[in-house]
Q: 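Pasting a structure here, questions to come.
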2 protein chains.
Amino acid sequence: MKENIDKQLQARNIKPTTMRQLVLQVLTVQKTAISLPELENKFEKADKATLYRTLKTFEENKLIHSIDDGTGSVKYALCREACECHPEDLHVHFSCTVCGQTYCLTDIPVPKIHLPAQFQLESVNMVVKGICSNCDK
Amino acid sequence: MKENIDKQLQARNIKPTTMRQLVLQVLTVQKTAISLPELENKFEKADKATLYRTLKTFEENKLIHSIDDGTGSVKYALCREACECHPEDLHVHFSCTVCGQTYCLTDIPVPKIHLPAQFQLESVNMVVKGICSNCDK
DNA sequence: ATAAACTTTGCAACCCGGTTGCAGGAACAT
DNA sequence: ATGTTCCTGCAACCGGGTTGCAAAGTTTAT
Ligand SMILES: [Mn+2]
Ligand SMILES: [Mn+2]
Ligand SMILES: [Zn+2]
Ligand SMILES: [Zn+2]
């Protein structure tokens, strides 16, 4: 497992420090996207700023992507191995209004949009809000 | 003009106080979506809390809709006259990474998404980021 | 091996958008 | 006129995010 973690980091040109290994471990176990405050709570004693910068580093190197789900805190989730976070790589996200979980709908690509003349697309954030399958029962 | 402002308020069952008339006036003139801090700056001396509650009232009564464009502050824009903010009523938004303006692309409806089983849709926030026609020159 | 240079971490402080409690004032109904 | 409800202004607070800085750790050059 540790092996794998380090490989992932190296594949994205991120030096495998202890802190980064731990954070990536959490992100790997995690099934839904996680916010900075939530990440903080996963550790007994961890510094917000360090975690913050760790996430920034991960994001810059496209190990993770961020989702603004409108809940007030940005969430983060692992990218697929080959992801370069280009517009074609993007998928839809789902934010549950009951449990607050945010899901990567990796099978659902963001639909192409035909923009008005002279508008240039760089990226898209598409978040569906509703009730997730866990809360639907 | 004042006439019109009051009519719009009454059409949404909002009592036309001075504050509300002024805010709606600003929102009507405004061509792009506006945030609470930006709205504050449109007035010499205005109370943030009052403006905040005014926007909330407007939103609850579907006179305006909110857009979370990921810039850190929620933006607001007028709804079309008949808008009920149902999923079918929603349109795509565009946030310019150069000038920071957020546009309502009212002609571009949010594409229908086929969610996984047991996921119930309530609403959608779709924001395209890029360079707007003004900044494209 | 030692020193210099660079990177990462931890702590504290700060910024800012958003939100709430409360008291005074305006509008409305009786 | 009196009571009730709604609106406004002020102040304080909250929480996520961000930064400066010095200590600790790592890498590179001598
Ligand atoms: Mn995702
Ligand atoms: Mn809009
Ligand atoms: Zn749920
Ligand atoms: Zn622009």
Side-chain angles (χ1 to χ4, degrees), chain A residues 5-6 9-10 12-26 33-61 63-77 95 100-102 125 127, chain B residues 5-6 9-10 12-27 32-61 63-77 95 100-102 125 127:
Chain A
I5 294 281
D6 282 12
L9 289 171
Q10 274 151 8
R12 296 290 187 173
N13 284 313
I14 302 165
K15 283 192 217 157
T17 67
T18 311
M19 208 58 238
R20 290 169 179 176
Q21 289 167 340
L22 290 171
V23 171
L24 180 50
Q25 184 65 49
V26 170
I34 191 174
S35 67
L36 173 55
E38 284 164 358
L39 184 60
E40 251 184 292
N41 294 333
K42 296 269 175 181
F43 296 94
E44 283 291 313
K45 167 199 156 299
D47 177 48
K48 196 172 50 153
T50 304
L51 294 174
Y52 169 75
R53 288 188 273 232
T54 301
L55 289 174
K56 283 284 166 200
T57 302
F58 284 7
E59 190 180 14
E60 275 162 24
N61 292 281
L63 179 59
I64 63 178
H65 59 280
S66 62
I67 308 118
D68 196 325
D69 60 10
T71 58
S73 59
V74 177
K75 304 273 171 70
Y76 299 88
S95 167
Q101 299 288 338
T102 294
N125 184 41
V127 178
Chain B
I5 294 280
D6 282 12
L9 288 171
Q10 273 150 10
R12 296 290 187 174
N13 284 311
I14 302 164
K15 282 192 215 155
T17 68
T18 311
M19 207 61 238
R20 290 169 179 175
Q21 289 167 340
L22 290 171
V23 171
L24 180 50
Q25 183 64 50
V26 170
L27 288 166
T32 50
I34 191 173
S35 67
L36 173 55
E38 284 163 359
L39 184 60
E40 250 184 294
N41 293 333
K42 296 269 177 182
F43 296 94
E44 284 290 313
K45 167 198 156 299
D47 178 47
K48 196 172 51 152
T50 304
L51 294 174
Y52 170 74
R53 289 188 272 233
T54 301
L55 289 173
K56 284 284 166 200
T57 302
F58 283 7
E59 190 180 13
E60 275 161 25
N61 292 281
L63 179 58
I64 64 177
H65 59 281
S66 62
I67 308 119
D68 196 325
D69 60 10
T71 57
S73 60
V74 178
K75 304 271 171 70
Y76 300 87
S95 166
Q101 299 288 338
T102 294
N125 184 40
V127 178

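Chain letters run A, B, ... following the sequence lines, proteins first and then strands; every chain starts at 1. Model, not experiment: these values are computed from the prediction.
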Q: Under a 4.0 Å heavy-atom cut-off, which of residues 42-50 of chain A touch DNA chain C?
A: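 Those residues are A:Asp47, A:Ala49, A:Thr50.
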
Q: With sequence neighbours excluded, tell me which residues meet side-chain hydrogen bond (donor to acceptor under 3.5 Å, both in side chains) with A:Glu60.
A: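 Scan of A:Glu60 (side-chain hydrogen bond (donor to acceptor under 3.5 Å, both in side chains), adjacent residues dropped) gives none.
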
Q: Under the side chain to side chain contact (heavy atoms under 4.5 Å, CB included) test, which residues partner B:Lys15, sequence neighbours left out?
A: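 Per chain and number, B:Lys15 pairs via side chain to side chain contact (heavy atoms under 4.5 Å, CB included) with B:Arg20.
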
Q: Applying salt bridge (charged side-chain N to carboxylate O under 4.0 Å, His left out) as the test, list every pair that has at least one member in residues 66-75 of chain A; sequence neighbours left out.
A: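 Residue pairs with at least one partner in residues 66-75 of chain A: A:Asp69-A:Lys75.
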
Q: Within the structure, does a side-chain N or O atom of A:Thr17 lie under 4.0 Å from either OP1 or OP2 of C:dT9?
A: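 It does, given that an N or O in the side chain of A:Thr17 lies less than 4.0 Å from OP1 or OP2 of C:dT9.
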
Q: List the atom of B:Ile5, the atom of B:Leu24, and the distance in Å for their closest heavy-atom pair.
A: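 Taking every non-hydrogen atom into account, O-CD2, 3.6 Å.
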
Q: Please report, rounded to the nearest Å, how far the P atom of D:dG16 is from the OH atom of A:Tyr76.
A: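 Those two atoms, OH and P, are 12 Å apart.
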
Q: According to side chain to side chain contact (heavy atoms under 4.5 Å, CB included), who are the partners of B:Ala46, at least two apart in sequence or on a separate chain?
A: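 Side chain to side chain contact (heavy atoms under 4.5 Å, CB included) list for B:Ala46, sorted by chain: B:Phe43, B:Leu51.
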
Q: Roughly how many Å is it from CG in A:Leu55 to P in D:dG17, rounded to a whole number?
A: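 Interatomic distance, CG of A:Leu55 to P of D:dG17: 9 Å.
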
Q: Could you state the CD-C1' distance from A:Gln21 to C:dT9, rounded to the nearest angstrom?
A: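 Distance check: A:Gln21 CD to C:dT9 C1' gives 15 Å.
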
Q: Measure the distance from NZ on A:Lys56 to P on D:dG16 and round it to the nearest whole Å.
A: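 Spelled out: NZ on A:Lys56 to P on D:dG16 is 15 Å.
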
Q: Between A:Thr54 and B:Pro37, just flag the one whose closest nucleotide in DNA chain C comes earlier from the 5' side.
A: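 Counting from the 5' end, the first nearest nucleotide belongs to A:Thr54.
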
Q: Walk along nucleotides 22-30 of chain C from 5' to 3' and tag each nucleotide B, S or - by protein heavy-atom contact under 4.0 Å, base first, then sugar-phosphate.
A: B--------

Q: Taking 4.0 Å as the cut-off, does a side-chain nitrogen or oxygen of A:Tyr52 come that near to OP1 or OP2 on D:dT18?
A: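 Yes, within the criterion.
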
Q: Whole angstrom is fine here: how far is it from CG in B:Leu22 over to C1' in D:dG9?
A: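 From B:Leu22 CG to D:dG9 C1': 15 Å.
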
Q: Send over the distance from A:Ile14 CD1 to C:dT9 P, rounded to a whole Å.
A: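 Distance check: A:Ile14 CD1 to C:dT9 P gives 12 Å.
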
Q: Take A:Ser73 and A:Thr71, measure what side-chain contact (heavy atoms from CB on, under 4.5 Å) needs, and give me the verdict at the end.
A: CA-CA 6 Å; A:Ser73 59; A:Thr71 58; 4.1 Å; yes

Q: With a 4.5 Å limit on heavy-atom distance, are the side chains of A:Phe58 and A:Leu9 in contact?
A: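 Counting from C-beta outward, A:Phe58 and A:Leu9 do come under 4.5 Å.
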
Q: Give the rounded distance in Å between these two atoms: CD of A:Glu60 and C1' of D:dT18.
A: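 Interatomic distance, CD of A:Glu60 to C1' of D:dT18: 14 Å.
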
Q: Could you pick out which residue, A:Gly72 or B:Thr18, lies toward the 5' side of DNA chain D when each is mapped onto its nearest nucleotide?
A: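 Result of the comparison: B:Thr18.
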
Q: Using the side chain to side chain contact (heavy atoms under 4.5 Å, CB included) definition, which of the options A:Val23, A:Asn41, A:Val26 pairs with A:Ile34?
A: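 It is A:Val26; the other options fail the test.
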
Q: What is the minimum heavy-atom distance between B:Val127 and B:Asn125, and which atoms define it?
A: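 B:Val127 and B:Asn125 have their closest heavy atoms at CG2-OD1, 3.8 Å.
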
Q: Nearest whole Å is fine: how far is C:dC11 P from A:Met19 CE?
A: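 Between P of C:dC11 and CE of A:Met19: 11 Å.
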
Q: Under 4.0 Å between a side-chain N/O of B:Ser35 and OP1 or OP2 of C:dG17, yes or no?
A: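 It does not, given that no N or O in the side chain of B:Ser35 lies less than 4.0 Å from OP1 or OP2 of C:dG17.
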
